[in-house]
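So the structure is just underneath, and the comments pick up after that.
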Amino acid sequence: MRLKFTKMHGLGNDFVMIDGITQRVKLTADKVRQIADRHIGIGCDQLLLVEAPRDPDVDFRYRIYNADGSEVENCGNGARCFARFVRERRLTSKEKILVETAAGILELNVQGADQVSVDMGPPILEPAKIPFQADIQAESYPLDVDGETYTVGAVSMGNPHTVLLVEDVDTAPVHSLGAAIERHPRFPARVNVGFLQILDRKRARLRVFERGVGETRACGTGACAAMVAARIRGLVDEEVQITLPGGTLTIHWPGPGEPVTMTGPATAVYHGQIVV
Ligand SMILES: N[C@H](CCC[C@H](N)C(=O)O)C(=O)O
């Protein structure tokens, strides 16, 4: 199968975007892994497949695959790149785009040259819906990992996230502890692991060890989840600049029951064709 694609990134979280509307695309987990492989394929953190919507009231559907081939529910940086991709491929000229994902319907607002704002919907905090094994919902939870007890937040943005507060993200054990928590038995669907350093009520630094990928240069749903976890503990205001290794996202969340809005760049790098 010969597939046209566009390589894009959101603050260094990189994607292979495939138009499944004007092309017939049949993906398997093996094909996703091959495309995502940085030696035998194109290389990406996630592959995003754009399809016609099943719901007539929305504009598109898009499906998200991690580099390990697993299909997941949501992808914040990917949503911004998706919005730019469908406009650049003239699949729409709308500035407000409704897209159906496995996590529900997102509203994307394309703002001028580079910035895209995404209504990511309200965070999910009930443990069973994250999913996370806990007796009651709380601002934070004790989590035993290899004999140590950590205090973690647990939030879903359609995909599961856990958040640890750290003194300094540069020295946090992102790869060792991130890998251990990603597969922790209390997260039955595995989990994305965020390490959050709060600078003040309006600024924070974040590194994310992503489920199915490992550490990425940025994670949009991770930035949303980290801000929510900090806000329900009263540590930050309703708008926070979250700086990840790849750059800064603006996250806005008034409080429980309200949607989280994420604003940041979406960059196209090159177009190509791959044979899989
Ligand atoms: N990079 C994505 C997150 C992908 C989440 C995926 N790793 C998962 O398994 O949920 C983002 O910008 O939100």
Side-chain angles (χ1 to χ4, degrees), residues 7-17 29 32-33 36 38 43-49 62-85 99 101-104 106 108 115-121 123-124 129-132 153-163 174-175 178-179 181-184 187-196 206-229 242-251 253 259-267:
K7 186 75 191 322
M8 299 188 75
H9 73 88
L11 299 179
N13 180 199
D14 66 336
F15 309 105
V16 168
M17 313 291 300
V32 171
R33 282 189 285 268
R38 296 189 188 279
C44 62
D45 292 329
Q46 278 91 21
L47 184 155
L48 306 182
L49 175 62
Y62 91 108
R63 301 177 72 173
I64 305 148
Y65 300 87
N66 278 327
D68 69 356
S70 57
E71 184 170 359
V72 295
E73 310 86 347
N74 207 354
C75 179
N77 288 320
R80 302 197 313 276
C81 290
F82 159 84
R84 189 155 304 293
F85 175 71
V99 60
T101 73
L106 300 181
L108 313 177
Q115 297 292 310
V116 180
S117 260
V118 185
D119 173 340
M120 297 294 288
I124 297 161
K129 294 181 182 169
I130 291 175
F132 173 53
V155 180
S156 168
M157 292 306 299
N159 55 345
H161 289 267
T162 191
V163 182
V174 173
H175 296 177
I181 296 177
E182 182 207 4
R183 296 177 176 280
H184 195 286
F187 291 99
R190 296 188 293 159
V191 70
N192 298 283
V193 189
F195 296 80
L196 181 68
L206 177 68
R207 288 173 67 187
V208 182
F209 186 97
E210 282 197 30
R211 174 179 64 169
V213 183
E215 183 177 10
T216 56
R217 290 177 54 75
C219 181
T221 51
C224 296
M227 187 272 188
V228 167
I242 303 263
T243 298
L244 301 107
T248 298
L249 293 171
T250 301
I251 309 295
W253 183 54
V260 181
T261 304
M262 169 191 59
T263 303
T267 310

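These values consider heavy atoms only, across backbone and side chains, with no hydrogens, waters or symmetry-generated copies. Order of listing sets the numbers, starting from 1, for every ligand and every atom in it.
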Query raised in the report: What do you reckon, does N77 have a nitrogen or oxygen under 3.5 Å from a nitrogen or oxygen of ligand 1?
Result: yes
Query raised in the report: With a 4.5 Å heavy-atom cut-off, do L108 and F82 have their side chains touching?
Result: yes
Query raised in the report: Atom CZ of F132 and atom OG of S156: how far apart are they, to the nearest 0.5 Å?
Result: 13.0 Å
Requested in this report: To the nearest 0.5 Å, tell me how far I64 CD1 sits from N159 CG.
Outcome: 7.5 Å
Query - Atoms of ligand 1 close to Q46 [distance to a heavy atom under 4.0 angstrom, numbered from 1] - result: 1 (N), 4 (C), 6 (C), 7 (N)
Report task. To the nearest 0.5 angstrom, please state how far the CZ atom of R207 sits from the OG1 atom of T243. Result -> 14.0 Å
Report summary line: min-distance protein heavy atom vs atom 7 (N) of ligand 1 -> E210 OE1, 2.8 Å
**Report entry** Sole residue of H161, R190, R183 in side chain to side chain contact (heavy atoms under 4.5 Å, CB included) with R211
**Finding:** R190
**Report entry** ligand 1 contacted by N192 (non-hydrogen, < 4.0 Å)
**Finding:** yes
Query - Numbered atoms of ligand 1 (with element) below 4.0 Å of T221, judged on heavy atoms - result: 3 (C), 11 (C), 12 (O), 13 (O)
Query raised in the report: Backbone or side chain, does any N or O of G220 fall under 3.5 Å from an N or O of ligand 1?
Result: yes
Query raised in the report: How long is the gap from CD1 on I130 to OG1 on T162, to the nearest 0.5 Å?
Result: 8.5 Å
Requested in this report: Return the residue, atom name and 0.1 Å-rounded distance of the protein heavy atom closest to atom 9 (O) of ligand 1.
Outcome: R211 NE, 2.7 Å
Query raised in the report: Among the heavy atoms of G212, does any lie under 4.0 Å from an atom of ligand 1?
Result: no
Query raised in the report: Nearest protein heavy atom to atom 6 (C) of ligand 1, by residue and atom, and its distance?
Result: N66 OD1, 3.3 Å
Report task. Number the atoms of ligand 1 from 1 as they appear, then name those within less than 4.0 Å of a heavy atom of N13, with their elements. Result -> 1 (N), 2 (C), 11 (C), 12 (O)
Query raised in the report: Nearest 0.5 Å, what's the CZ-OG1 distance between R80 and T267?
Result: 8.5 Å
Query raised in the report: Does any N/O atom on P160 come nearer than 3.5 Å to any N/O atom on ligand 1?
Result: no
Query raised in the report: Can a donor-acceptor pair be found between the side chains of D45 and T216 at a distance below 3.5 Å?
Result: no
Query - Protein residue, atom and distance nearest to atom 2 (C) of ligand 1, heavy-atom basis - result: C75 SG, 3.3 Å
Report task. Drop me the distance from E210's CD to Q46's CD, to the nearest 0.5 angstrom. Result -> 5.0 Å
Query raised in the report: Who's the nearest protein heavy-atom neighbour of atom 5 (C) of ligand 1, and how far?
Result: N159 ND2, 3.3 Å
